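Predicted model only: the values in this text are computed from it and were never measured. Note on naming: letters A, B, ... go to the chains in the order of the sequence lines (proteins, then strands), and numbering restarts at 1 for each one.
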Amino acid sequence: MRWTRSLIPTLKEDPAEAEAVSHRLMVRAGLVRQLAAGIYVYLPLGQRVLDKVNAVIREEMNRIGGQEITMPVLHPAELWQQTGRWSAIGDEMFRLKDRGKREMCLGMTHEEVIGWLAAREVRSYRDLPQTWYQIQVKLRDEARPKSGVLRTREFLMKDSYTLDRDEAGLEKSYQLHKEAYCRIFERCGLAFHVVESDPGIMGGAGAHEFMAPSEAGEDEVALCDRCDYSANVELASSRPRPPEFPDWNLEEIPTPNAGTIEQVCALLRIDPALTIKSLLLVTKEGPLLALVRGDQQLHEKKLAMLVGEVRPAHRDEILMHLGAEAGSIGPVGTTLPTIADESLRTGRYVVGANKDGFHVRGVVPGTHFQPRWADIHHARSGDGCPRCDADLRIERVIEVGNIFKLGTKYSVSLKAMYLNEAGEERPIVMGSYGIGPARIAAAAIEQHHDQQGIIWPEAIAPYQLHLLPVNMRDEKMMELAEALYAQLQAERVEVLYDDRAERPGVKFKDADLLGLPLRVTIGSHALKEGVVELKVRRTGEEFRVPPSEVVSKAKSLLSNLLK
RNA sequence: CGGGGCGUAGCGCAGCCUGGUAGCGCACUUGCUUCGGGAGCAAGGGGUCGUUGGUUCAAAUCCAAUCGCCCCGACCA
């Protein structure tokens with residue numbers, strides 16, 4: 001492609017609204033433009049990147065027997081009412097009415113449509129298994145779109161669905177997807193972790209997420225370097241390291257004006273790990289006392305999984321139930337239901353005395369009060385791995401893919417049944433699997449860039465080769481450039497030909513910014529000596545070859561880069 | 001939805017406090033020079049100052065409302 005005939009609006013300066021590296025570079029390199037919050041136009045270069053990513057996805061999906069289909073963006077409400085999600089999902093679903101006042105919504109995912117289709121077209125165990133996928137726009141009215149293309153309200157998603165006869169079949173389909181996903185992310189040049197994840201309201205028996213490490217990510221994962229434990233911190237368990245416990249006797253001690261763990265520890269000159277943080281929460285059932293170690297954070301989601309929705313108690317509620325201000329409450333002597341974190345099973349601690357200005361020292365959980373035990377703390381870096389006890393590491397990541405075992409939740413409600421060998425009607429066992437192509441592109445940029453710009457992984461670069469004649473007014477140089485451009489195209493090398501009459505500096509800066517894997521520079525000095533320069537963007541390696549060898553050298557360099 | 005910030009030319013910004021009818025850099029157009037890492041000189045084009053209402057002789061500037069965008073948090077099927 002000739003630059004002069006392309007829309008490649010590069011920017012010299014960072015756009016004011018862009019924070020994340022990938023966002024800045026995608027705008028500066030002319031890949032995308034923002035139309036509204038969380039709504040983007042993909043310009044030609046951005047589109048080519050998506051096309052490349054999607055091509056990889058299609059190959060790997062087809063390889064595991066996936067069949068591509070396309071489902072509607074616009075859905076009738078009835079379908080979502082049947083599965084209960086019409087009411088279960090709140091503001092995140094775009095809803096509208098058609099001219100006949102019929103309620104509709106814009107698809108945020110496609111389990112309902114798949115179930116509808118399966119209910120009509122699958123009848124016998126002989127029809128199973130099936131794998132159907134699409135690469136389609138999804139719409140979600142995100143509360144807070146952010147980080148450029150990483151969290152948007154309209155986005156492309158490859159979603160696939162497997163239909164099986166039973167759990168064993170689902171397990172097989174699930175594993176195939178897991179392997180296909182690994183190949184896809186590897187081919188796209190991403191570093192990633194496969195982690196256990198929270199199945200959430202998708203329901204079902206198991207889920208994994210594919211996480212690409214990046215500062216721009218919104219999730220965190222806990223990883224063990226010794227064994228293979230890896231999980232989203234949403235559900236990661238860990239073994240906090242126990243402190244040295246002093247040989248305290250049980251006694252009440254005055255702690256005037258010390259209402260926070262920090263103040264109490266400063267006053268008593270002790271490690272926060274020797275205290276218990278007591279939090280009064282309110283559930284639908286009533287008040288609940290939650291206990292974690294003083295240096296730990298309560299993981300509200302873990303707690304919510306045990307007792308349902310919780311909210312912090314108001315000040316007057318704390319006074320009413322425990323007779324003291326928040327800073328002095330504790331589990332001893334209360335009749336409130338109490339949940340204590342597992343890490344409190346051993347040791348002696350300082351806890352609030354339920355008396356303003358006093359704490360109790362030497363409290364032994366399980367002896368001086370009887371809680372229900374559960375894992376309700378937030379895993380931290382340095383905590384022990386729940387499997388092997390080596391140190392856990394917490395890493396910030398971008399979720400680029402997820403896989404869920406759905407089971408029969410949707411097939412039952414949508415009556416997607418089949419007849420087994422015995423002639424009995426059975427619900428189809430489903431799985432659901434997503435990948436965000438734009439997130440792959442953004443994660444690739446987050447992971448592969450430098451001060452100058454993007455460094456595209458070869459498989460998803462918008463073009464393979466950047467042909468850069470230094471001076472378009474030099475006729476000989478231009479002739480050579482045109483000839484090389486023609487040759488490269490004839491050899492099917494994807495080449496972006498910078499035929500602009502710009503000064504060399506401008507062209508070089510843009511070439512670095514766009515980050516195509518290989519740059520071929522035709523300059524006057526090199527021309528005099530009869531050599532053209534090839535430069536690998538990633539390594540900075542340079543090669544000088546006569547014009548006649550450019551094409552073959554370029555092809556061999558590119559094929560090496562692809563490995 | 002809570003907290004914070006910002007809306008002035010295509011992009012990045014100043015001007016606002018202390019009202020007097022809009023400016024800088026880049027980009028763009030034309031000419032000359034220059035040509036291996038974001039050129040120089042000269043001459044140009046381009047803005048209802050987010051919107052609406054109010055105060056005032058006079059509003060980018062003060063007041064009110066409203067819309068939009070970004071960041072932190074909550075949410076995320």
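Nucleotides B:C11 and B:C67 have their C1' atoms positioned 23 Å apart, rounded to a whole Å. B:A14 and B:G5: their P atoms are spaced 15 Å apart (whole Å). B:G45 and B:U52 have their C1' atoms separated by 31 Å, with the value rounded to a whole Å. Atom P of B:C75 sits at a distance of 50 Å from the matching atom of B:G23, rounded to the whole Å. For B:G47 and B:U34, the P atoms lie 35 Å apart once the distance is rounded to whole Å. Straight-line distance between the C1' atoms of B:C70 and B:C28: roughly 28 Å, to the nearest whole Å. Straight-line distance between the P atoms of B:A64 and B:C17: roughly 15 Å, to the nearest whole Å. Taking the P atom of each, B:G2 and B:A59 are spaced 34 Å apart, rounded to whole Å.
Atom pair A:Asp510:CG and B:G36:C1' shows a separation of 15 Å (rounding to whole Å applied). Straight-line distance from the CG atom of A:Leu35 to the P atom of B:G10: 17 Å, rounded to whole Å. A:Glu300 places its CD atom 9 Å from the P atom of B:A74, with the value rounded to the nearest Å. Rounded to whole Å, the distance from CD on A:Glu17 to P on B:C69 is 11 Å. As rounded to whole Å, 13 Å separates atom P of B:A39 from atom CZ of A:Phe508. Across the protein-nucleic acid pair, A:Ile39 atom CD1 and B:C70 atom P stand 10 Å apart, rounded to whole Å. For A:Asp14 and B:C69, the CG to P distance is 21 Å, given to the nearest whole Å. When rounded to the nearest whole Å, the span between CG of A:Asp219 and C1' of B:C75 equals 13 Å.
Residue A:Gln34 is in sugar-phosphate contact alone, with no base atom involved, counting any heavy-atom pair closer than 4.0 Å across all strands shown. A:Lys146 comes within 4.0 angstrom of sugar-phosphate atoms only, judged by non-hydrogen atoms across all strands, and of no base. Contacts of A:Ala143 with the nucleic acid, taken as non-hydrogen atoms under 4.0 Å apart, include base atoms. At the heavy-atom level, A:Asp91 lies nowhere under 4.0 Å from the strands shown. Within the nucleic acid shown, A:Thr10 has no heavy atom closer than 4.0 Å to any nucleic acid atom. Nucleic acid contact class of A:Arg473 (heavy atoms, under 4.0 Å, all strands): base. At a threshold of 4.0 angstrom between heavy atoms, the contacts of A:Ala18 with the nucleic acid are absent. Within the nucleic acid shown, A:Arg519 comes within 4.0 Å of at least one base atom, counting heavy atoms only. Note on A:Arg28: a base of the nucleic acid sits closer than 4.0 angstrom, heavy atoms only.
Relative to the side chain of A:Arg503, the nucleotides B:U34, B:G12, B:G37 differ in distance, and B:U34 lies closest. Each of B:C70, B:G36, B:A39 was ranked by its minimum atom distance to the side chain of A:Pro504; first place goes to B:G36. Comparing B:C70, B:C71, B:G37 against the side chain of A:Arg144 picks out B:C71 as the nearest. Nearest nucleotide to the side chain of A:Thr521, out of B:G36, B:G73, B:C69: B:G36.
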Exercise for the section: Check the pair A:Arg537 / A:Asp450 against salt bridge (charged side-chain N to carboxylate O under 4.0 Å, His left out), numbers first and verdict last. Expected result: CA-CA 10 Å; A:Arg537 176 69 173 91; A:Asp450 61 17; 2.8 Å; yes
Exercise for the section: Please lay out, stage by stage, how A:Asp474 and A:Lys476 fare under the test salt bridge (charged side-chain N to carboxylate O under 4.0 Å, His left out). Expected result: CA-CA 6 Å; A:Asp474 181 325; A:Lys476 280 196 176 155; over 6 Å; no
Handout entry: Derivation of the salt bridge (charged side-chain N to carboxylate O under 4.0 Å, His left out) call for A:Glu167 and A:Lys405
Key = CA-CA 9 Å; A:Glu167 293 295 329; A:Lys405 290 181 187 172; over 6 Å; no
Handout entry: Stepwise salt bridge (charged side-chain N to carboxylate O under 4.0 Å, His left out) check, A:Lys138 with A:Asp159
Key = CA-CA 10 Å; A:Lys138 296 277 184 287; A:Asp159 47 323; 3.1 Å; yes
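Under the Watson-Crick or G-U wobble criterion, with both distances below 3.5 Å, B:C62 is paired with B:G54. For B:C26, the paired nucleotide is B:G10, the pair qualifying as Watson-Crick or G-U wobble because both relevant distances are below 3.5 Å. Both distances falling under 3.5 Å, in either a Watson-Crick or a G-U wobble arrangement, occur for no nucleotide opposite B:G38. B:U18 is unpaired under the criterion used here, namely a Watson-Crick or G-U wobble arrangement in which both key atom distances are under 3.5 Å.
Judged by distance alone with a 3.5 Å cut-off, a donor-acceptor contact links the side chain of A:Glu13 to the base of B:G25. Remark: the A:Glu533 side chain and the B:G36 base include a donor-acceptor N/O pair separated by less than 3.5 Å. A donor-acceptor contact under 3.5 Å is not formed by the side chain of A:Arg500 with the base of B:G38.
A close approach under 4.0 Å does not occur between any side-chain nitrogen or oxygen of A:Lys507 and OP1 or OP2 of B:G38.
Mapping A:Glu502 and A:Asp512 onto RNA chain B by nearest heavy atom places A:Glu502 closer to the 5' end of the strand. In this structure, A:Glu19 and A:Leu11 both approach RNA chain B, and ranking their closest nucleotides by distance from the 5' end singles out A:Leu11.
Salt bridge annotation for A:Glu533-A:Arg519: present, with a cationic side-chain nitrogen under 4.0 angstrom from a carboxylate oxygen. Salt bridge status for A:Lys301 with A:Glu234: present, with a side-chain N to carboxylate O gap under 4.0 Å.
For A:Arg311, the CZ atom sits in a packed shell: over 12 heavy atoms of surrounding residues, nucleotides or ligands are nearer than 6.0 Å.
Counting only N and O atoms by type, the side chains of A:Gln47 and A:Tyr42 include no donor and acceptor under 3.5 Å apart.
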